[in-house]
Amino acid sequence: MMNERYNPLDAEPKWRKVWEDQQIFLTRNDDPRPKYYVLEMFPYPSGRIHMGHVRNYAMGDVVARFRRARGYNVLHPMGWDAFGLPAENAARQNNTDPAQWTYANIATMRAQLKSMGLSLDWSREIATCDPSYYKHQQRLFLDFLKAGLVERKQSKVNWDPVDQTVLANEQVIDGRAWRSGAVVEQRELTQWFLKISSFSQDLLDSLDTLDRWPEKVRLMQKNWIGRSEGLRVRFAIDGAQKDSDWREIEVFTTRPDTLFGARFIALSPDHALSKHLAADNPALADFLAECARMGSTAEAIETAEKRGFDTGLRVVHPFDPGWKIPVYVANFVLIEYGTGAIFGCPAHDQRDLDFANAYGLGNTPVVCPPGQDAAHFVITATAYDGEGALINSRFLNGMSVEAGKAEVNKRLCASDLFGAPQATVTVNYRLRDWGISRQRYWGCPIPIIHCEACGVVPVPQEQLPVTLPSDVEFRQTGNPLDHHPTWKHVKCPICAAPARRETDTMDTFVDSSWYFARFTNPHLTDAPTDPATANHWLPVDQYIGGIEHAILHLLYSRFFTRAMQATGHVDLKEPFAGLFTQGMVVHETYRNASGDWLTPSEVRIEADASGRRAFALQGDSPVEIGSIEKMSKSRRNVVDPDDIIGAYGADTARWFMLSDSPPDRDIIWSDEGVQGAARYVQQVWRLIGDLAAAAAPPAASAPQDLALEAVAVRRLTHQHLLRVGQHLDRLRFNTVIAEIRKFSNALMGHLGEQAEPVSPGLAFAYREAADTLAILISPVMPHLAEACWEQLGHIRSICLAPWPEVDPALAIDDSVTLPVQVNGKKRGELTCPRDWDTAAIEKEVLQLEAVVKALEGRTPKKVVVVPLRIVNVVV
RNA sequence: GCCCCUAUGGCGGAACUGGUAGACGCGUCCGACUCAAAAUCGGAUUCCGCAAGGAGUGCUGGUUCGAUUCCGGCUAGGGGCACCA
């Protein structure tokens, strides 16, 4: 018998070498088995992996290994989201080359990921900063351009004054830049846009088909797309010339039912009419300038008063030619949404009420809440936006809000203003087009040439890739490509005249919007994808990553897949059939008396019945144990994966990462927990050793008659095999681990009670149990599983072993133990054959001593028998 | 402000579609081994109670033979959106 301790630090590298030498995780595109594509969000090569990566990739690897054992041809690739600002910042600080910095980081992190024992097909590795990748991204851009999915337009953009670049709306959080944290300014620039809004409705509708996505993510995307149905209404400007450009104002409203409550029209300061009027009205021009200066931070918006400027214009109410309504320019009206103009109904919209109260415009209640007296219902400081009956609204009086909307829609769509319908029913979306221009060096160049004569000219496909120059200067602020002496000067592809390259590069979210497709044929040189292969592998069956990408990355990828479908690169709409969002890794924080944060490795913990205390290793002074928070450099509550793997091995780290907490919730990293996992590694090793000593040879067949205890062991095996498989299917890794521990606990208990010698039947049962245990742990602890497998006498890698089949006859007991309740309180148990009918159970239950006692002579009113579950005697 | 999610022992959490609440682990306590410690192994561990027994899944009401699970009302914590008309 061999009961030496298992040494993961020796064993793990050995097994990884075996996998690599035998190319076990190489995936062939022409493998005939059913496909399964599992993908974890690829990392940004920041320098080192962190515990969040360990958790993410451990989960994906369990899925990959489990599916492989279940007979699937698994695609499980890895790559690098390698463009982005940190490389440029490092270049600026240390005078290094962004490419060198990035590739050095990749080398470090690749080695770290390999030390985790992930079953990745490294032959498919890609880096988005490599010309062999971004060449195809440029091709996609040009194809999208041709298909009308790209637009160049002047637009008001979010400008990050620190990073000196443009940000998408999604990258502005509380008025601040998502990366630099700077307060974002508004600027007018010409930008490239991807027309994500042309898919608004489809992106919304298809959310319903994503039944293996978290409800939360679908809801967030739904809100982000922000569909609202309403009416565009054209108001004639009072006294305007018939043929004037400024004879009407169009507004968007979702409350046409409140049209008789209108008190004003408000234009956005950026509305064309506002600017037109300001041209010969200096006071208005001043007001517009003031609005432009106003910050867009959350606080600024929160505290900003509603301010307006009376233009002096009046419009005509669409239902009453004699009713004139004043036109204001108001600071709270957004140019980007709807038509950039609204009609104000103060009684039923809080913003409108605030504005009306500030300018003495009054209000007319037109919706009367249920139970209120219409004659006495007044609005003063709080608008009413609920349901009710319409009042003060002529032909709408008495109608519900819903009916009123329908009536107004019907009438206004049918009536005429200047030869066109006065109103149209429309749908508005909050989702806006995706501005991708960035004034940065370390990104994918936009393959466009600007020519004085020919205008905007796409770079001809055969000239792709447009590569980044390597000799760049980072000491100036702004875009290094713009400062480069030669790079941007080219000949126009059409007329050969001197022309200028586009110096903006693409938002890095573009890079990650199609990498999952590239993995299917990653080294193809003449096209982004080969559609047959891409269509075979896609969609990704299981995608795993952080919830922080719920909107940005996932929505962009959904758009990109549609755009790639429209341009013939793939033939599907939804890239990710299954999505799983894992929780963060969190840890206690430690602070010494002078308020400095300490890392976990600088702290010693003492615990007894009175609680836990911490002391600094240096000086042994007491340390305050603070709140549990996401691992971060600022709080120093980080644990380095290298340290853990170096001390305990990868299997222990993986096992602990997946135990305890449900995978979608945060997990608290604790040293005690890791030690528990390390203990279990040794337990399994001992148990397998003991079982191996008593087990039948590999591939032995079952003896004819099995003794009772042999059947009992087989039942244990098949019952736990069944449950582990069920939990794995549902990605419930914490309960997977609990079931495996239950199984090994039961086997240890059994082995402890068993007297020598072992019968042939029992030897067979041990063989089955040990083989099964090794396979059950193999997705989570692959190195240990290999060592156990070898110990059990197997020659080929456990990675090639099929997942055992559950024998239903063994997985299901033929007798059941039913809890017996009297009036809902448990009083006893009844063990009976599985197939007993209700009547037999009822009869037996009423004779149970505990039941008779609890009845105290009373007659049962009713006996509820739930088959295989419970019996309840009701008195 | 609007929308959503969550709440179970000392701690992380388990409980399939309404059916024995607390699986599995961590911690703690007791014991074995040891000169001793570590490691390891065995036992106990929701609360009250010596016990019989009783109470118990944030609070509160309801549906049900039976509720952690379903419904209504609250409280607390977390998240998303936010002058979106």
Side-chain angles (χ1 to χ4, degrees), chain A residues 5 174 214-217 219-224 226-228 230 251-255 258 266 268 296 298 300-302 304 306 330-334 336-345 348-352 354-355 385 428-432 547 550-551 605 607-612 628 655-656 659-662 665-668 670-677 679-680 682-683 686 723 726-727 730 732 734-743 745 748 752 817-829 860-875:
Chain A
R5 281 177 68 81
D174 287 343
E215 189 53 48
K216 180 188 168 76
V217 174
L219 188 70
M220 281 165 72
Q221 293 213 352
K222 184 180 172 216
N223 292 339
W224 189 263
R227 181 184 204 273
S228 67
V251 305
F252 175 73
T253 179
T254 56
R255 292 297 302 274
T258 63
S268 164
S296 58
I301 287 168
E302 200 95 357
K306 302 273 176 288
N331 62 351
F332 65 96
V333 181
L334 303 173
E336 303 93 343
Y337 190 78
T339 62
I342 61 163
F343 85 80
C345 174
H348 305 290
D349 182 290
Q350 192 61 47
R351 289 159 314 185
D352 295 350
D354 293 344
F355 186 80
D385 61 3
N428 245 294
Y429 301 90
R430 222 185 63 114
L431 180 67
R432 280 169 236 155
I547 185 75
I551 296 172
I605 305 282
D608 60 26
S610 66
R612 299 170 76 246
I628 295 171
W655 183 263
F656 173 67
S659 56
D660 285 0
S661 285
R665 277 202 230 169
D666 292 351
I667 187 163
I668 303 170
S670 76
D671 209 43
E672 294 89 344
V674 180
Q675 283 163 16
R679 243 186 335 260
Y680 186 67
Q682 299 300 336
Q683 263 177 42
R686 264 197 313 277
R723 272 184 241 130
Q726 288 168 341
H727 290 303
R730 295 171 53 211
R732 301 276 300 194
N734 56 325
T735 52
V736 166
I737 281 174
E739 278 308 325
I740 294 175
R741 292 190 92 128
K742 259 154 100 171
F743 180 38
N745 287 349
M748 278 191 285
T817 300
L818 302 175
V820 177
Q821 299 178 330
V822 176
N823 276 352
K825 282 199 195 303
K826 192 193 166 191
R827 297 296 176 182
E829 282 182 346
K861 213 187 292 175
K862 179 164 134 191
V863 179
V864 182
V865 178
V866 183
L868 307 176
R869 283 275 172 218
I870 204 168
V871 182
N872 192 8
V873 181
V874 185
V875 186

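Lettering follows sequence order; numbering is per chain, from 1.
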- prompt: Out of rA85(B), rC24(B), rU20(B), which has the shortest distance to the side chain of Leu334(A)?
  reply: rA85(B)

message: For Met220(A) versus Ala550(A), what's the shortest heavy-atom pair and its separation?
response: CE-CB, 3.6 Å

query: Rounding to the closest angstrom, what is the interatomic distance between rC47(B) and rC11(B) at atom P?
result: 11 Å

message: On RNA chain B, does the nearest nucleotide to Glu739(A) precede the nearest nucleotide to Asp352(A) from the 5' side, or the other way round? Give the residue.
response: Glu739(A)

Under 3.5 Å, N/O pairs linking protein and nucleotides 11-13 of chain B:
{"unit_1": "rG12(B)", "atom_1": "O2'", "unit_2": "Ser661(A)", "atom_2": "OG", "d": "2.8"}
{"unit_1": "rG12(B)", "atom_1": "N2", "unit_2": "Asp660(A)", "atom_2": "OD1", "d": "3.3"}

message: Within the 4.0 Å heavy-atom criterion, would you say Arg741(A) contacts the bases, only the backbone, or no part of the nucleic acid?
response: sugar-phosphate

- prompt: RNA chain B: Gly226(A) or Lys862(A), which has the more 5' nearest nucleotide?
  reply: Lys862(A)

- request: Please work out if Gln726(A) contacts a base, only the sugar-phosphate, or nothing of the nucleic acid, heavy-atom cut-off 4.0 Å.
  value: nothing

Nearest-0.5 Å distance that lies between atom CG in Asp660(A) and atom OG in Ser670(A): 7.5 Å

message: Once you apply a heavy-atom cut-off of 4.0 Å, does Gly676(A) come out as touching a base, just sugar-phosphate, or nothing?
response: sugar-phosphate

- line: Between CZ of Arg723(A) and C1' of rA14(B) the distance, given in whole Å, is 13 Å

statement: Rounded to whole Å, CZ of Arg679(A) lies from C1' of rA38(B) at a distance of 13 Å

field: Side-chain N,O (Ser228(A)) to OP1/OP2 (rA85(B)) below 4.0 Å
entry: yes

query: Base, sugar-phosphate, or nothing: which does Lys216(A) touch, judged by heavy atoms less than 4.0 Å apart?
result: sugar-phosphate

- request: Report the distance from atom NZ of Lys826(A) to atom P of rA21(B), rounded to the nearest whole Å.
  value: 8 Å

message: Under 4.0 Å, counting only non-hydrogen atoms across every strand here, what does Arg827(A) touch: a base, just sugar-phosphate, or nothing?
response: sugar-phosphate

task: Look at all strands and tell whether Val333(A) reaches a base, only sugar-phosphate, or nothing, counting heavy atoms closer than 4.0 Å.
output: base

message: What's Ser670(A) touching, base or sugar-phosphate or nothing? Going by heavy atoms closer than 4.0 Å.
response: nothing

- request: Assign Gln683(A) to base, sugar-phosphate, or nothing according to its heavy-atom contacts below 4.0 angstrom with the strands shown.
  value: sugar-phosphate

query: Which nucleotide, rC24(B), rC41(B), rC26(B), lies nearest any side-chain atom of Arg686(A)?
result: rC41(B)

message: Distance check needed: rC26(B) P versus Arg612(A) CZ, whole Å only.
response: 14 Å

- request: Can you figure out which of rA55(B), rC65(B), rA85(B) approaches the side chain of Asn872(A) most closely?
  value: rC65(B)

message: Nearest to the side chain of Glu672(A), heavy atoms from C-beta on, is which of rA85(B), rC26(B), rG19(B)?
response: rC26(B)

message: Measuring from atom CD1 of Ile667(A) to atom CD1 of Ile628(A), what distance do you get when rounded to the nearest 0.5 angstrom?
response: 12.0 Å

- line: RNA chain B in dot-bracket form (Watson-Crick or G-U pairs under 3.5 Å, [ ] crossing, | inter-strand) is (((((((..(((......[....)))((((((.......))))))(((....)))..(((((..]....))))))))))))....

query: When the C1' atoms of rU40(B) and rU34(B) are considered, how many whole Å apart are they?
result: 12 Å

message: Walk me through whether Glu739(A) and Gln726(A) qualify under side-chain contact (heavy atoms from CB on, under 4.5 Å).
response: CA-CA 10 Å; Glu739(A) 278 308 325; Gln726(A) 288 168 341; over 6 Å; no

- request: Would you mind reading off the distance between Ile628(A) atom CD1 and rG77(B) atom C1', rounded to a whole angstrom?
  value: 14 Å

query: Under the rule syn = chi within 90° of 0, otherwise anti, which is rG9(B)?
result: syn

query: Mind checking the C1' distance from rG54(B) to rC4(B)? Whole angstroms is fine.
result: 40 Å

message: Checking side-chain polar atoms at under 3.5 Å, does His727(A) have a donor or acceptor matched by the opposite partner on Thr735(A)?
response: yes

field: Gap between atom CZ of Arg255(A) and atom NE2 of His348(A) - 0.5 Å precision
entry: 7.0 Å

- prompt: Which heavy atom of Thr339(A) sits nearest a heavy atom of Phe252(A), and at what distance?
  reply: OG1-N, 3.5 Å

- prompt: Which atoms form the tightest heavy-atom contact between Phe656(A) and Ala677(A), and what is the distance?
  reply: CB-CB, 3.9 Å

- prompt: Has the side chain of Lys861(A) got a donor or acceptor atom sitting under 3.5 Å from an opposite partner on the base of rC65(B)?
  reply: no

message: Given 3.5 Å as the limit, does a donor-acceptor pair link the side chain of Asn823(A) with the main chain of Val875(A), or not?
response: yes

field: Donor-acceptor contact below 3.5 Å, side chain Ser268(A) vs main chain Val333(A)
entry: yes

Rounded P spacing from rG10(B) to rG78(B) in Å: 22 Å

query: If only atom types and distance count, is the side chain of Asn428(A) paired as donor or acceptor with the main-chain N or O of Ser228(A) below 3.5 Å?
result: no

rA14(B) versus rG9(B) - spacing of their C1' atoms, nearest Å: 13 Å

field: Listed nucleotide nearest any side-chain atom of Ile870(A), set rA82(B), rU20(B), rG25(B)
entry: rU20(B)

task: Provide, to the nearest angstrom, the distance between the CD1 atom belonging to Ile342(A) and the P atom belonging to rA85(B).
output: 11 Å

query: Base, sugar-phosphate, or nothing for Lys825(A), non-hydrogen atoms under 4.0 angstrom?
result: sugar-phosphate

Whole-angstrom distance between rG19(B) and rA67(B), as gauged at atom C1': 10 Å

Selected nucleotide, minimal atom distance to Glu829(A) side chain, candidates rA55(B), rC4(B), rU20(B): rU20(B)

message: Looking at Phe355(A), I'd like to know if the NZ or CZ of Lys306(A) sits under 6.0 Å from its six-membered ring centre while staying within 45 degrees of the ring's axis.
response: no

- prompt: Distance between the C1' atoms of rC70(B) and rU63(B), in whole angstroms?
  reply: 8 Å

query: Considering all heavy atoms of both residues, which atom of Val873(A) and which atom of Pro860(A) are nearest to each other, and what is their separation?
result: CG1-CB, 3.7 Å

query: With rounding to whole Å, what would you report as the distance between rA32(B) and rG13(B) at their C1' atoms?
result: 31 Å

field: Whole-Å distance separating the CD atom of Gln821(A) from the C1' atom of rG19(B)
entry: 7 Å

- line: Regarding the side chain of Val864(A), the nearest nucleotide among rA85(B), rG19(B), rC24(B) is rG19(B)

message: What is the separation between atom CG on Leu219(A) and atom P on rG80(B), rounded to the nearest whole Å?
response: 13 Å

statement: Of rC24(B), rU20(B), rC81(B), the nucleotide closest to the side chain of Lys742(A) is rC24(B)

